[in-house]
Amino acid sequence: MKKLIAALALALITQPALAEDAPKWSLAIHGGAGTLDPKQMTPEKRAAYEAALQAALEAGSKVLREGGSAMDAIKAAIIPMEDSPLFNAGKGAVFTWDGTNELDASIMDGRDRSAGAVAGVKTVRNPILLADKVRTDSEHVFLMGAGAEAFALEKGFPVTPPEYFATPARREALERLKAEKLLALDVDHKFGTVGAVALDQNGNVAAGTSTGGMTGKRWGRVGDAPVIGAGTYADNRACAVSATGWGEYFLRVGVAHEICARLRAVHEVKAAMASTPDAGNAVEAKEAQYIIDEVMADVAGLGGDGGVILVTPEGHALFSFNTTGMYRGRATSAGLREVGIFGGETKVTSTPDH
Ligand code: ASP
């Protein structure tokens, strides 16, 4: 009983007090960040990307509008992007050095910080669903390779033929990388990882990320996307984050957890310093934006690039990226709805609307 009272007291302290007009739900999505050149983007290509982002945004928004959970919303948003050959996740994943497609994904529920992740999966059409199965139906958080596939089989996931994931453009990228001895970034130009973060009407947040990794990856290389705390993190007390970018740098900074930890600290300090009990500890959009920009600056300082999407319990849906563009979208119950591709020269941050 004592424990329960203590837990309730803690929850009261740590749950941010919300403004009256705060959005009831929020969603942000990404389809990768990178060196995007407007001159290379034909009107047809642009329309195709925007349509794919709109479809994903609508799939997730519908769940949230109808009172569904943040977890269901992020899965609904990520699945169409995994199924689209435009993005580097599921169908359309980049090739490994050995000419295979190896998929990584992770998912996290901010309610209880339950998490699931898979790496190096070759025959599962929607890795985000397998990551979620690890979360809900195993005692583990992270499964890899053959073991993850055995788990998928046992849980009734159909075996998708590896050819399903292969696309000519990604194969050409691998061939060029090998022939010209290039780096992944020279042939990919953008990180096509997909991700979604959401806040639902019950105040719960969730995050998910899915990727094929980087072209020419070898030796079992795994990036940040399936690593809880690097590419994905969700905690009701702070935020939900999904990242895209040069995975090695995001791993070293622990980007997603770093952002949530800083936001949680702001909540805690505000609560502790509040002059009156109802003064509230809500984080303002500009404060959250400052934190994601700072963490991305840290990534840039080490030499990495990419971007993040964020939602907070207050309903802020924000982006930060240090590349020339990021495929992205956001929607809230307050009527915000937008997709975007390009940004400014080096860093772009959204204008927070709420
Ligand atoms: N972050 C991913 C990785 O390093 C790549 C991406 O964002 O597209 O595997």
Side-chain angles (χ1 to χ4, degrees), residues 28-36 49 52-53 78 81-82 84-97 100-107 117-122 127-128 131 142 144-145 165 167 169-170 173-174 177 183-197 207-233 241-259 295-296 299-300 302-309 319-328 341:
I29 61 168
H30 71 77
T35 319
L36 308 174
Y49 274 106
L53 290 168
I78 289 172
M81 292 194 282
E82 285 185 333
S84 164
L86 294 175
F87 304 105
N88 170 22
K91 188 174 184 65
V94 298
F95 278 83
T96 65
W97 184 262
T100 56
N101 305 108
E102 294 184 6
L103 313 169
D104 306 332
S106 62
I107 194 163
V118 292
V121 169
K122 295 182 190 159
I128 196 70
F142 201 169
M144 58 166 270
F165 302 101
T167 54
R170 298 296 194 190
L174 175 67
L177 174 132
L183 293 173
L185 284 188
D186 300 323
V187 293
D188 290 345
H189 300 297
K190 68 177 177 60
F191 308 99
T193 290
V194 307
V197 291
T209 312
S210 181
T211 190
M214 290 172 79
T215 298
K217 65 183 183 179
R218 62 206 297 202
W219 305 305
R221 181 266 185 191
V222 177
D224 60 317
V227 177
I228 296 299
T232 301
Y233 204 76
V241 177
S242 170
T244 172
W246 197 338
E248 278 67 13
Y249 294 92
F250 283 69
L251 280 164
R252 287 165 60 194
V253 172
V255 165
H257 184 267
E258 176 74 17
I259 290 170
V295 174
M296 284 311 300
V299 171
L302 293 178
D305 56 0
V308 292
I309 54 173
F319 313 109
S320 183
F321 49 101
N322 57 25
T323 46
T324 53
M326 177 160 84
Y327 295 95
R328 63 197 185 279
I341 297 178

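Just so it is clear, the model here is predicted, and its values are computed rather than measured. Each ligand, and each atom within it, is numbered from 1 in the order the structure gives.
- Interface of Gly247 with ligand 1, defined as ligand atoms under 4.0 Å from a residue heavy atom, comprises 4 (O).
- No donor-acceptor pair under 3.5 Å is formed between the side chain of Glu258 and the backbone N or O of Val295.
- Under a 4.0 Å criterion applied to the non-hydrogen atoms of Arg221, ligand 1 contributes the atoms 3 (C), 4 (O), 9 (O).
- Side-chain atoms of Thr209 and Ser242 include a donor-acceptor pair closer than 3.5 Å.
- For atom 8 (O) of ligand 1, the closest non-hydrogen atom of the protein is Thr193 OG1, 2.5 Å.
- At least one N/O-N/O distance between Gly192 and ligand 1 falls below 3.5 Å.
- Proximity to Gly245 (heavy-atom distance under 4.0 Å) selects the following atoms of ligand 1: 1 (N), 2 (C), 3 (C), 4 (O), 5 (C), 6 (C), 7 (O).
- Using modelled atom types, no side-chain atom of Lys91 and backbone atom of Thr167 make a donor-acceptor pair closer than 3.5 Å.
- Less than 4.0 angstrom separates some heavy atom of Asp224 from each of these atoms of ligand 1: 1 (N), 2 (C), 3 (C), 4 (O).
- In this structure, the side chains of Arg221 and Trp219 stay at 4.5 Å or more apart for every pair of heavy atoms.
- Listed by atom number, the atoms of ligand 1 under 4.0 Å from Thr244 heavy atoms are 6 (C), 7 (O), 8 (O).
- A donor-acceptor pair under 3.5 Å is formed between the side chain of Asn101 and the backbone N or O of Val94.
- Those atoms of ligand 1 that come under 4.0 Å of a heavy atom in Gly213, given as number and element, are 5 (C), 9 (O).
- A donor and an acceptor atom, one from each side chain of Glu102 and Thr96, are nowhere located under 3.5 Å apart.
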